[in-house]
Structure formats: structure tokens, C-alpha cells
Amino acid sequence: MKVLLVLPVLVPLATASLSLLSFRRVGRQRALGLVGSVLQLTVGFALLRAVHRGGIQSTQLGGWPAPYGITFVADLFSALMVLLSGVIAVVTSIYSLSDIDRGRRAHGFYPLMHVLLMGTNGVFVTGDLFNLYVWFEVTLIASFVLLVLGNERPQMQGAIKYVAMNLISSALFLTGLGILYGSVHALNMADLSLKLPSLAPPIRFTLAMIFLVAFGIKAAVFPLFFWLPDSYHTPPVTVTALFAGLLTKVGVYALVRSFTLLFVGDREATHALLLGIAAFTMAVGVLGAVSHREVRRILAFHSVSQVGYMVMGLGLFTLSSLSGAIFFVLHHAIIKSNLFLISGIMRSGGKDASLDLQGGLLARSPGLSACFLVTALSLAGIPPLSGFWAKLILVRSGLEVGSRGAAAVVATSLAVGLVTLISMTKIWNEAFWKPAPAEADLAPRESGARRRALLYVPVVLLTALGVTLGMAPEPLLAVVRRAAAQLADPTDYVRAVLGEGRP
């Protein structure tokens with residue numbers, strides 16, 4: 001068994017278990033949480049290196065051969081997502097040392113955080129749909145408890161919508177699994193890619209729609225997105241940044257994996273529908289952002305809008321557009337997590353406030369202002385930052401496709417990029433540029449140089465990483481292109497799981 005494939009799950013599992021054993025020793029939990037995150041990042045680098053050099057890796061747990069056993073498999077897309085999970089884990093762990101209060105730490109924040117990371121990594125490396133369902137449920141349980149930890153009324157309201165929609169998603173997913181297994185007697189994804197073409201087209205299309213809705217809820221696409229803006233602004237900023245970096249990406253990952261490996265037989269219908277969903281997701285999300293005045297709500301709606309770009313790359317379904325979708329996922333996780341972390345430092349008196357009650361941050365915190373400006377411009381797609389390259393690849397892909405639907409989604413993406421810039425400029429003008437209003441509560445949220453450093457260090461790290469991806473994108477783009485090629489032609493994926501004799 002190739003241990004490296006299992007470590008993305010084992011490391012957070014061990015971290016969560018050790019943290020539970022130290023439940024009454026909060027200081028030890030903090031140390032374990034940070035060490036476990038660093039180990040996870042190390043595993044992510046090692047896995048990406050192994051897949052990059054040796055090709056797609058797979059292993060069968062318990063000695064059962066595929067497609068009958070539990071399969072763990074990693075291609076370049078999976079490995080990149082595991083590495084991304086490690087990056088988000090490290091920066092949020094550092095930030096949490098100052099952001100998470102003692103009460104939440106004492107009630108299991110760090111074990112829950114690493115159970116969530118275990119679930120997301122399980123999604124990225126699993127090779128069969130039933131275990132994908134299991135890891136989704138692990139992620140759902142951990143994220144729900146993280147949402148309500150603190151037991152404040154707004155948290156409960158947001159969490160109820162979150163868990164209700166995700167339970168619907170789980171029910172649909174389980175229904176799809178039952179129909180799928182009853183039809184082809186298989187749940188291993190590599191095996192399904194060979195058997196699904198034999199299904200009658202109406203059954204195959206129905207299954208595709210069931211999985212599209214189930215995964216679309218988790219990805220927060222139109223019209224299934226409303227749980228996200230209602231829940232992301234309620235928990236501590238550390239939790240929101242963790243969710244923004246990983247949770248919707250889990251849904252996008254499942255959509256990409258399903259509609260490149262499994263549901264490709266009805267591409268004209270399914271991928272045209274994906275393009276329409278992408279356009280509406282972009283437009284509705286950005287309009288929601290423009291209409292709000294609280295920073296975290298604005299950022300939450302932008303999370304919805306940006307998911308539309310990822311789905312756009314999948315809907316276009318060319319090698320170039322898949323490269324753009326993967327690059328956009330990586331870019332957005334870094335940029336949006338950073339913006340949420342910045343919003344935590346911006347908050348007046350430790351509470352979210354309307355932009356009307358903010359101001360003067362440029363004079364008080366020039367370093368934070370610079371980090372926000374660079375990150376916000378990257379979100380809007382201003383060159384030469386990472387958001388520009390991600391959008392440029394997708395726009396060029398759409399123009400190369402040349403269809404009417406592709407042209408419409410390209411026009412929508414350009415318009416949404418402009419409105420995104422307007423929306424982020426609103427935050428800059430109100431919170432940073434204008435003088436602070438007399439009634440604003442400007443009491444510092446953190447006290448002491450050490451606590452300030454714990455908030456600023458992850459912001460600076462993510463800003464530097466975002467700038468690096470923008471100024472020198474080619475090394476990552478080279479890996480992303482190879483990852484897209486593996487998605488576009490899953491032959492190597494199937495052979496890695498089922499053996500050299502297949503297909």
C-alpha cells in the first residue's frame with residue numbers, strides 16, 4: 001500500500017485524536033493544531049511531487065482488488081487540492097491562535113478543524129463514489145459544529161440553512177448512488193467510466209442531473225447558493241476563511257471529477273447547462289455583493305460569483321478551459337481566504353459593522369491596506385495578479401470555442417469582473433480611504449505585539465503567495481496544464497486504478 005496516498009487522511013485524523021486526548025489542555029491543542037497543519041502541508045508537497053514525477057498513483061485498502069475494495073487515488077488535480085488544503089490549514093491555524101477565544105478552544109475547535117480537513121482530503125483522494133459520500137458527511141458534521149460553536153443566535157440561524165441544504169444534497173447523492181449501483185453494479189469511479197456509456201441515455205442524463213444538483217448545492221451554484229451568504233458571516237473569521245478556502249472547492253472538485261470522468265456521454269446537453277449555471281452564478285453573486293454594506297457579506301456573495309468562473313471552465317470543456325478552472329480554484333482559495341482574514345482585522349471593536357461605520361484604515365494600518373488592495377485587485381482580475389491570468393485563460397477558451405453559449409458566458413464573465421472591481425472599490429473607499437466617522441468604535445480588536453503578529457503573519461503570507469502566482473504563474477500553469485490533460489483524457493486514471501489491462 002502506498003502510504004503517501006493515505007497520509008492526507010491519517011495526519012489530520014491523528015491530529016484530531018491527539019487534540020481530543022488533550023481536551024482539558026487548551027495550550028497543547030493549539031500547538032498540536034499548528035504542528036498537524038504543517039505536517040499536512042508537507043504531505044501535500046510530497047504527494048504532488050510523487051504524482052508529478054511518477055504519474056497517477058493509486059492503492060487499494062485491505063488488499064481487495066479494484067473495483068471491489070476501497071480505492072485511494074491521486075492525479076495532479078487531487079494532489080494540487082491536497083496541497084491547497086495544507087496551505088489553508090497552516091494560515092488559518094496561525095490566525096486562530098489569536099482569533100479563536102478560549103471558550104471555543106475548550107469546546108473542541110482544533111479537533112473539529114482537523115476532522116474537517118480529514119473530510120476534505122478524503123474527498124480529494126477517494127476513488128469511489130460511496131466513500132465520496134462518506135467523506136462529504138464527515139465534512140458536513142465537522143463544519144456544522146464549527147458553525148454553531150459559540151451558540152450565538154446569528155450562528156444558529158445561518159447553520160440551520162447550511163445543514164438543511166447540505167442534508168438535501170446528501171439525500172440526493174445517496175439516491176443517485178442507489179440508482180447507479182442498481183443500474184451498473186459499480187461505484188468505483190474508474191470502473192463507472194467504462195460502464196456508464198452502456199446505460200440508456202435517459203437514465204444516464206437523469207443520474208447526471210441528480211449529481212449536478214447534489215454537488216451544485218455544495219459548490220453554491222445558482223440557484224442553490226443562498227445558504228452560503230447567510231452562514232459565512234456568522235462564525236469567527238478563522239472558520240469563515242477555512243470554509244471559503246475549502247468547502248465550496250470540495251463541491252467544485254466533485255463537479256469537475258464527475259463531469260470529466262463519468263457524465264461525458266451527453267456532453268452537449270450537460271455542459272451547455274453548466275455554462276448557463278455558470279453565467280447566472282457569476283451574475284447573481286456579484287449583484288448580491290453590490291447590494292450589501294457589511295464586508296463579510298460582500299465577500300460571501302463574491303464567493304458565490306467566483307464559483308461561476310470555475311463552473312464556466314468545466315462547461316466549456318476544452319483542455320485550456322479545464323486548465324483555467326483548476327488555476328481559478330487555486331487562485332480563489334488563496335485570495336478569498338486572505339480577504340476574510342483581512343476582514344477580521346478590519347472589524348471595529350471585534351464585531352462586523354456596516355461600511356458606514358468604518359474608515360481611516362489607510363492612515364492607521366498602511367500595511368493592512370496594501371495587503372487588502374493587492375488581494376482585492378487580484379479578485380477583480382487586474383493584471384498582472386493571479387486573478388487576471390485565471391480569467392484570461394477562461395475568456396480565451398470561451399472565444400476559441402466560438403459557440404453562442406460560450407460567447408454569452410464570456411461576455412457575462414467580463415461584465416462581472418468589472419462589477420467585482422466596483423464592489424471591492426466600495427470597500428476600499430469606505431473602510432480605508434475615507435476618514436473614520438465620529439461614531440465608529442475603533443477599539444483595537446487585538447492587544448499586544450504577539451497577538452497582532454498572529455493575525456498579520458498569515459495575511460502577509462497569503463498576499464505574498466498571491467502576488468507570486470501573479471508575477472510568476474508559469475511553473476504552476478505547467479502543472480495545471482498537465483492536470484487538465486489528465487482530466488480531459490482519463491485513460492491513465494482508469495489504468496492506474498484498474499490495472500494496465502484496462503481499458
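In what follows, residues are counted from 1 in the order of the sequence shown. Below, each value reflects all heavy atoms present in this structure, side chains not excepted, and no hydrogens, waters or symmetry copies.
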Distance-only polar pair, side chains of [X] and [Y], donor-acceptor under 3.5 Å:
X: T318; Y: E400; answer: no
X: T120; Y: T139; answer: no
X: S320; Y: S323; answer: no
X: S96; Y: Y110; answer: yes
X: S193; Y: Y493; answer: no

Nearest 0.5 Å please: distance from the [atom1] atom of [X] over to the [atom2] atom of [Y].
X: L146; Y: L112; atom1: CG; atom2: CG; answer: 5.0 Å
X: L242; Y: T92; atom1: CG; atom2: OG1; answer: 5.0 Å
X: L228; Y: Y162; atom1: CG; atom2: OH; answer: 9.5 Å
X: D99; Y: I94; atom1: CG; atom2: CD1; answer: 13.5 Å
X: M81; Y: L330; atom1: CE; atom2: CG; answer: 6.5 Å
X: L116; Y: L246; atom1: CG; atom2: CG; answer: 7.0 Å

Exam field: side chain [X] to backbone [Y], donor-acceptor pair closer than 3.5 Å:
X: S386; Y: L469; result: no
X: H107; Y: G103; result: yes
X: N166; Y: L140; result: no
X: T420; Y: A380; result: no
X: S291; Y: G288; result: yes
X: W389; Y: P384; result: yes
X: K161; Y: S231; result: no
X: T281; Y: S305; result: no
X: S378; Y: G387; result: yes
X: S423; Y: V419; result: no

Shortest non-hydrogen contact from [X] to [Y]?
X: L462; Y: I334; value: O-CG2, 3.8 Å
X: A488; Y: L319; value: CB-CD1, 4.3 Å
X: V148; Y: A159; value: CG1-CB, 3.3 Å
X: L274; Y: G315; value: CB-CA, 3.9 Å
X: M282; Y: V409; value: CE-CG2, 3.7 Å
X: S37; Y: V90; value: O-CG2, 3.4 Å

- prompt: In this structure, are over 12 heavy atoms from other groups packed under 6.0 Å from W433 atom CH2?
  reply: no
message: If you count heavy atoms of other groups shown closer than 6.0 angstrom to NZ of K426, is the number above 12?
response: yes
Compare all side-chain heavy atoms of [X] with those of [Y] and state whether any distance is below 4.5 angstrom.
X: L117; Y: Q40; answer: yes
X: F432; Y: S365; answer: no
X: Y95; Y: L455; answer: yes
X: D230; Y: R297; answer: yes
X: P12; Y: V115; answer: no
X: Y232; Y: R296; answer: no
X: M209; Y: V213; answer: no
X: M118; Y: P8; answer: no

task: From the options Q358, M346, R293, select the one residue that forms a side-chain contact (heavy atoms from CB on, under 4.5 Å) with I427.
output: M346
Stepwise side-chain contact (heavy atoms from CB on, under 4.5 Å) check, M424 with L299: CA-CA 9 Å; M424 299 310 291; L299 296 178; 4.0 Å; yes
message: With side-chain contact (heavy atoms from CB on, under 4.5 Å) as the criterion, how do Y456 and L368 come out once you've worked through the C-alpha distance, each side chain's angles and the decisive distance to 0.1 Å?
response: CA-CA 8 Å; Y456 278 87; L368 181 68; 3.9 Å; yes
query: Within 45° of the axis and under 6.0 Å from the centre of the six-membered ring of F328, does NZ or CZ of K391 qualify?
result: no
query: V304 and V284: side-chain contact (heavy atoms from CB on, under 4.5 Å), yes or no, with the steps?
result: CA-CA 8 Å; V304 174; V284 173; 6.0 Å; no
query: Is any NZ, NE, NH1 or NH2 atom of the basic residue among D75 and R482 found under 4.0 Å from an Asp or Glu carboxylate oxygen of the other?
result: no
- prompt: Between E430 and K434, is there a side-chain N and carboxylate O pair less than 4.0 Å apart?
  reply: yes
task: May I have all residue pairs that pass ring pair (Phe, Tyr, Trp, His ring centres under 6.0 Å) and include part of residues 238-260, sequence neighbours excluded?
output: F77-Y253, F124-Y253, F259-F263
message: For a side chain to side chain donor-acceptor pair (under 3.5 Å) check, start with the C-alpha distance between R396 and S321, then their side-chain angles and the critical distance, and finish with the verdict.
response: CA-CA 8 Å; R396 290 185 61 181; S321 72; over 6 Å; no
- prompt: Centres of the F215 and F136 rings: under 6.0 Å?
  reply: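 They qualify: ring centres under 6.0 Å apart.
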message: Test: side-chain hydrogen bond (donor to acceptor under 3.5 Å, both in side chains). Region: residues 268-278. Which pairs qualify, not counting sequence neighbours?
response: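 Listed once each, the pairs would be none.
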- request: Please lay out, stage by stage, how L377 and L421 fare under the test side-chain contact (heavy atoms from CB on, under 4.5 Å).
  value: CA-CA 7 Å; L377 292 177; L421 178 61; 3.9 Å; yes
